[in-house]
Amino acid sequence: MALLQTNNVVKRFGGLIAVNKMTFSVDAGKIVSIIGPNGAGKTTFFNTLTGIYTPEEGQIQFKDHSLIGLRPDQVAATGIARTFQNIRLFGSMTVLENILVGMHIQLKQNAVDTIFRSKKFHEEEKDAEQRAKELMAFVGLKNVGNELARNLPYGGQRRIEIARALAATPTLLLLDEPTAGMNPNESEDAIKLFRRIRDEKGITILMIEHDMRVVMGISEHISVMDYGEKIAEGSPAEIRSNQRVIEAYLGRGAAVAHEQKA
Amino acid sequence: MKQIAANPVYKFFLFPIGQILLFALGASVVLSLATVLLAYLFKFNVTDFDLVERTMLLLPQVIINGLTIGFVYSTIALGYTMVYGVLEFINFSHSEIFMVGGIVGIQLMAYFEHIGVLATMNEYLVITLAILLALVVSGALAVTVERVAYKPLRGAPKLVPLISAIGMSFFLQDIVRLILSLTTGEFNVILPKFGTFDEFWKIAIPGMEEPLRIQTKSVLIVGVAMLMLVILNFLVNGTKVGKAIRAVAQDRPSASLMGINVNQIISITFLIGGALGGAAGVLFALKATKLDPFSGFFPGLKAFTSAVLGGIGNLTGALLGGLVLGLLESFSASYLGIFTNGAFGAEYKDIFAFAVLIIVLIFRPSGLLGQTVGQKV
Amino acid sequence: MKTLFSDLYKKANTGFWPIVIAFVFMIVGTVTLFQNPRSLGSFLVLMTTPVILYFMKMPMKIKVFIGLLIVVIILPVIGIKNIFILEVIFQMAVFAALALGLNIVIGMAGLLDLGYVAFYAVGAYAWAIFGSKQMSLLYSIPGAAPANAEFFLDARWFWLFLFLGIGLAALTGILLGLPVLRVKGDYLAIVTLGFGEVIRVLALNLDKPINLTNGPQGITPIQRPPLPPEGVLMFFRSFLEPLVGHEVSDAEFYNVMFYFLALIIIAIVIVVATRLEDSRIGRAWTAIREDETAAIAMGIPLVKMKLAAFAAGASFAGAMGALYAANRTFVSPETFSFQVSIGVLTMVILGGLGSIPGVIFGASAVTLLNIQILQNLSLYLSDLRQSDAVIPIINFAWKDLSNQLDPAKYQKLVFGIILILMMIFRPSGLIPAERRQRELGEEKE
C-alpha cells in the first residue's frame, strides 16, 4: 500500500490553477522525485501536502490519516518532515538548538518540568542532546553544535536543515530542491546522504529537484509536473524517453541536461 | 462609454466625487437602518420615552457629526495607507505629523490675532493660509522623519522600523511640548475666535419640529477634505509621479530596475501623506478648537483603524474606512447611553474603534476593499 | 584611545583585580552613602558593583557573597537612613519583572505587545478592589463613600492575591490572545495597544453601573500585607538601630519588607524566565520569532505557543501589579497609561531584546534615569534659576531659563530618543542576547 496517496488535488489562487487534479502516490521505502519546469506547481504541491495551503478539492491520505484540513504542525505530527527551497533555518539559534527544535513533537517536558527542572526534564534534555549530536555526525557536520546557524557556509546550512528534519523522526521526508546551489562534488555527497537516510533510517524520501544528475542518479520513481498537472511518471529510464517530458523541457535549459545524460 | 471613462474631467473629478458621495450616503444609510433596528430591539429597556422616535429624531445630527469627523479620519488614513502600500510599514508617528499640522495652523491664526489683523482678514483666506502652512510644515516634517529614523533601517526586520517609529512618535510629542512650553509658556493651543464658522445653518425638514442644524465649519471640513481627496486621486492616478508610486508599491525591485528612483519616490510618498495629515490637522483643530501635543494620538489610532478597515494599502479603502469609522463613533457616542439607559455612555466611543479593528482583523484581515495576499514560501 | 581602554580592561580583568575593584566600588559607595544618604553619585557607585560582578571574571562564590552583602545588608541599612533608596530599588525590581515578562513576548516570541500595561493593571486592580473597602462601596457614587464602609478582606489575603494576580493576568493574556494572535506581525502591535487602552478606559469608567473601580479617582486605601510578628521585628531592631542610629518605625519596616518582597519576586521571575528560555518551550518561542513557517513545519503549534508566551509574560506583570497596589495603597487608571507600556518596551530595547541580563540592566537604568537622574537634573536646573549664574560664552543668564524646562516631565522624550537611537545604532541592545553554549565534547579547532 502507498505511504502517501493524493487524489485529484486542486489548488487555486484566484483564477490561477497552481495544482490541477494531482493524483500521485509514494510507496514506503522509496526515493521519489517530482520534476518539472519552473512554475510548474511543484512547491505549491509540497505546501498543499504539508498543510500550508488547503486544497480546494481532492484527498490526501498519509498512512491512515487524511491530511486535508490539518494545520502544518498537525501534519508534521503525523510523521512528515520537510526542508525548504530557500533554506529556512533559525539563524540566531545555535546549530544544536535548531536540531532540538526539530524534536519539538517528541519532547514531552511541560511548563512545570521546565520551571522546576524535574528529573524528567534533565533526562530528556540529555537524551535529546545526545541524539542531536548523532544527527550532526550523521549528516557529516563536526564541531558546529555551538555555532549560530546563520554563520555556517551554505552547504553546512543545507545539512543542518536536513538534520533538523530528521530530528522529528519522520516516516516521510520532503526535500525541496535539496541540492540547489551545490557544485557537482557537493551534489554527489548529498546523493550519498539521501541514500543513507533511506537505507539506514528507513525513511521514505520525496523530493523536488532540478539537477538531472541527482534526479536520475537516485530516484526510483519520477513524476513530472507541468502547468500544475502531472504529465508523466515512471522509472528514470521511462522518463528519459518520454516524449511529453522532452517537449515540456524543450528550450528550457534542462533539455540540455537531458541530452547529456542520454 | 469608454470615451466617457477616459475623459479627464470624469476620471479625476466627477468619478471620485461621485464615489465619495456614494460611500458617505451608503455608510450613513446602512448604519442608520441598523440603529433603527436596534432601537426596536432595545425598546423594552427604555420606559421614559419612545426609543424609536428618539432615535429617528437624533439621526440627522448624528450622521452629520459622523461624516464630519469621518472625513478627517479618511484624510489622515490616506497617509497611513500610502506609506503602508509602499513600505509595508505602519508609520506610527503619522499621528504626530497630523498633530503638528493642527498646532501650526492654530499658531498661524493666533499670530494673525496677535498682530491684530485676524478680525479684518477674510476668514476663508485665514483658513487657506493655515492649511497651506500646515501642508508645507507637516510634509517637510514627514520627509525629515523618514530620512532620520526610517531610511537607515530599510531592510531590517519588520519590528525594527516600527519600534523606531514608536520612538519617533513619543519624541515628537514631547519635543513639540517643549517648544511650545519654552516659547509660549504652556502647551495647550486654543483656536482663536474669528469668522462665522461657529454659526449654524438651519434647514427645516418637513414633519420635524426642530430644524436640522449644520455648523458652517462642518460643511467647510467636509468640503476641504473632499477637495484634498480629489487632488490626491489626481496625483496618484493622473501623474507620472503617481504611476511611479504605484509601481514601487507593487514591486520595489522591479520598479528600481525600470529606472525609478525608489528613495525619491518613498520621500514623495511621505511628503504627500504628511501634507495630507497636516491639512487634516487644521480641519480637526477647527472642530476640536483646542489642541495639545498629545491630541494626535487617538485620531491617529482611529485613522489607522480606518485604513485597516478599508483594506490597508488601498486608497479608496482608506476613504471608506474613515467614513464608516467616523459614523460608527458618532453613532456609538450618541446612542450607547440612550440604548443602555445610561449604564454605558459616550466615554466608550474611543474603545469602540478598537473593537471594530479587532473584529475586522479577525474576520476580514484584508479589510472591506482589500485583497488577500498569499503568503510566499 | 579605544585600544588603550580595552587593554586596560583586559589587564584589570585578570587575577585578583576584579575582586579588588568590586570591593572598592562597594566600600566607597557604602561609606559615602552612609555619610550622605541622598547622594546620587554614591548610589551610582554602589549600583555599579553588581554590573562589575556580572561582567568581570571572579569565582562564583565571591560574586554571590558580594551580591548578597549588598542586597541583604548594605541596601536595607542605608535604605532605612534614606527611604528613597529602597523606593528606587523597589521600582527597579517592579520594572525589571515587567520588562522580563515583556521580553518573553517580544524578545523571545517576537510578538510586539504595546498593551502590556493592561496585565499589570489587572493584577493591581484585582487586589485593589478586594483589598480595599471598594467591595462595600459597589452601589455608592464615587467620592460619596459612607463612613461605615469596611475592608472586605483581611490584609493577610494579599498573599493569595499575589497568586490570583498571576492567574488573572495570565487568563487575561489568553483571552486577549485567542482572537488577536491570528493577526499578523505589525498589526498585532496596534491591536494590543488598543487592548491596553480598553483596559484603561474600563478602569476609568467602571464606576457605573456599579462602582467597581471608583473611576478616575482611583481606589484608596488598599491594605498592605501585615508586618511580621513583633518578636521578629524586635530581633531586627536589636541590630538595625545601632547601625542607623535611630529607632526604626513601622513605616520603615514596611519599606524594607516591600523591598525584600520585590527582590524575592524578581529572583523567582529571573529563575523562571531563564529556565523557560532554555527549554523546549523557549526554543519554540525563538523558532517562531525567527521563522514562523519553518517553526510550524517542525510541528510547533503557533497559536498555542504564542498564547503561552502571552500568558507567561502577563503573569509576571500580574504579580507585580498586586505588589505595586499594596505598596502604594492606591491605584488609579493613570498609573496604567500607554506611556508605561512604552517605558517597559524602552527598557527591553535598551538592554537587549531576548537578553535576560540585558533586560534587567535596561530596566534598572531606565528606572534610575526616570526617578533619580531626571529628577536631580530638574532640581539642579531650578537651583541654577535661583542663582545669578550665567552661561559664559553665549551670555545667557540661568534666571531667564523658562521654568517649563523641567527634565523630569520629559520622560517621553527620553524614551523616544532611546528607542530611535537604539534601533539605528544598536538594535540588539547594550547587552545583546547570547545563545547558551553547551559542553558537547566537540574539539574546538
Side-chain angles (χ1 to χ4, degrees), chain A residues 47 50-52 71-78 80-84 87-98 100-111 113-117 121 124-125 128-129 132-133 136 142-150 161 164-165 167-168 170 174, chain C residues 104 107-108 110 170 182 268-305 307-309 311-312 315 352-355 427-428 432-445:
Chain A
N47 289 340
T50 51
I52 291 175
R71 294 190 312 263
D73 55 307
Q74 294 169 324
V75 172
T78 64
I80 298 181
R82 72 173 287 181
T83 65
F84 294 88
I87 309 173
R88 300 188 85 135
L89 285 172
F90 308 117
S92 67
M93 297 173 92
T94 64
V95 170
L96 182 84
E97 285 173 319
N98 266 277
L100 292 179
V101 170
M103 295 177 196
H104 187 89
I105 301 165
Q106 279 95 50
L107 300 185
K108 295 291 172 247
Q109 46 180 277
N110 57 28
D113 295 323
T114 305
I115 291 168
F116 293 101
R117 293 277 133 130
F121 177 89
E124 195 179 70
E125 283 287 290
E129 199 175 292
K133 274 156 72 175
M136 283 189 280
K142 265 184 245 153
N143 297 335
V144 293
N146 282 328
E147 299 280 332
L148 293 189
R150 63 162 173 261
E161 215 193 7
R164 184 179 70 179
L174 307 185
Chain C
I104 290 183
M108 296 189 197
R182 300 152 182 272
I268 295 172
V269 163
I270 292 173
V271 169
V272 170
T274 318
R275 290 185 166 183
L276 282 176
E277 184 184 35
D278 188 24
S279 75
R280 171 178 180 258
I281 298 171
R283 290 190 296 262
W285 285 334
T286 315
I288 290 173
R289 180 191 75 196
E290 295 281 300
D291 188 332
E292 286 197 3
T293 307
I296 198 169
M298 295 299 117
I300 295 172
L302 285 188
V303 172
K304 202 174 139 198
M305 291 315 292
L307 277 178
S315 63
L353 272 172
S355 153
S428 55
E434 277 176 22
R435 302 310 303 183
R436 198 189 99 177
Q437 299 288 303
R438 300 191 187 219
E439 287 299 323
L440 294 175
E442 297 179 330
E443 302 153 32
K444 280 276 159 208
E445 60 253 58

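In what follows, chains carry the letters A, B, and so on, assigned in the order in which the sequence lines appear, proteins first and then strands, with residues in each chain numbered from 1. Just the heavy atoms: all of them, side chains too, but no hydrogens, waters or symmetry mates, feed the values below. Owing to the predicted nature of the structure, the values given are computational and were not obtained by experimental measurement.
In this structure, chain A has no heavy atom under 4.5 Å from any part of C:Ala308. Proximity to chain C (any heavy atom under 4.5 Å) is shown, for A:Gln109, by both the backbone and the side chain. Interface residue A:Leu96: only side-chain heavy atoms are found under 4.5 Å from chain C. Proximity to chain C is limited to the side chain of A:Phe121, based on heavy atoms less than 4.5 angstrom apart. Of the atoms belonging to A:Thr50, not a single heavy atom falls under 4.5 Å from chain C. For A:Ala111, the parts sitting under 4.5 Å from any heavy atom of chain C are the backbone and the side chain alike. For A:Asn110, the part lying near chain C is the backbone, with the side chain staying farther off; criterion is any non-hydrogen pair under 4.5 Å.
Per-residue heavy-atom pair counts under 4.5 Å with chain A were compared for C:Val271, C:Ile300, C:Leu302, C:Leu276, and the maximum is reached by C:Ile300. Contact count against chain A (heavy-atom pairs under 4.5 Å) is highest for C:Pro301 among C:Pro301, C:Ala433, C:Gly354. Contact count versus chain A (heavy atoms, under 4.5 Å) is highest, among C:Met298, C:Glu290, C:Arg275, for C:Arg275.
Ion pairing between A:Arg88 and A:Glu161 fails under the 4.0 Å rule for side-chain N and carboxylate O. Taking a cutoff of 4.0 Å between a charged side-chain nitrogen and a carboxylate oxygen, C:Arg280 and A:Glu97 do not qualify as a salt bridge. C:Asp278 and C:Arg435 are not joined by a salt bridge, as no carboxylate oxygen comes within less than 4.0 angstrom of a charged side-chain nitrogen.
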Are C:Arg283 and A:Leu107 close enough, and set up right, to give a side-chain contact (heavy atoms from CB on, under 4.5 Å), and what steps lead you there? CA-CA 12 Å; C:Arg283 290 190 296 262; A:Leu107 300 185; 3.5 Å; yes
side-chain contact (heavy atoms from CB on, under 4.5 Å) between A:Thr94 and A:Glu147, worked out: CA-CA 5 Å; A:Thr94 64; A:Glu147 299 280 332; over 6 Å; no
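When side chains are defined from C-beta on, C:Arg289 counts as touching A:Ser92, because their heavy atoms get closer than 4.5 Å. Under the 4.5 Å side-chain criterion, counting only non-hydrogen atoms from C-beta, C:Arg436 is not in contact with C:Thr274.
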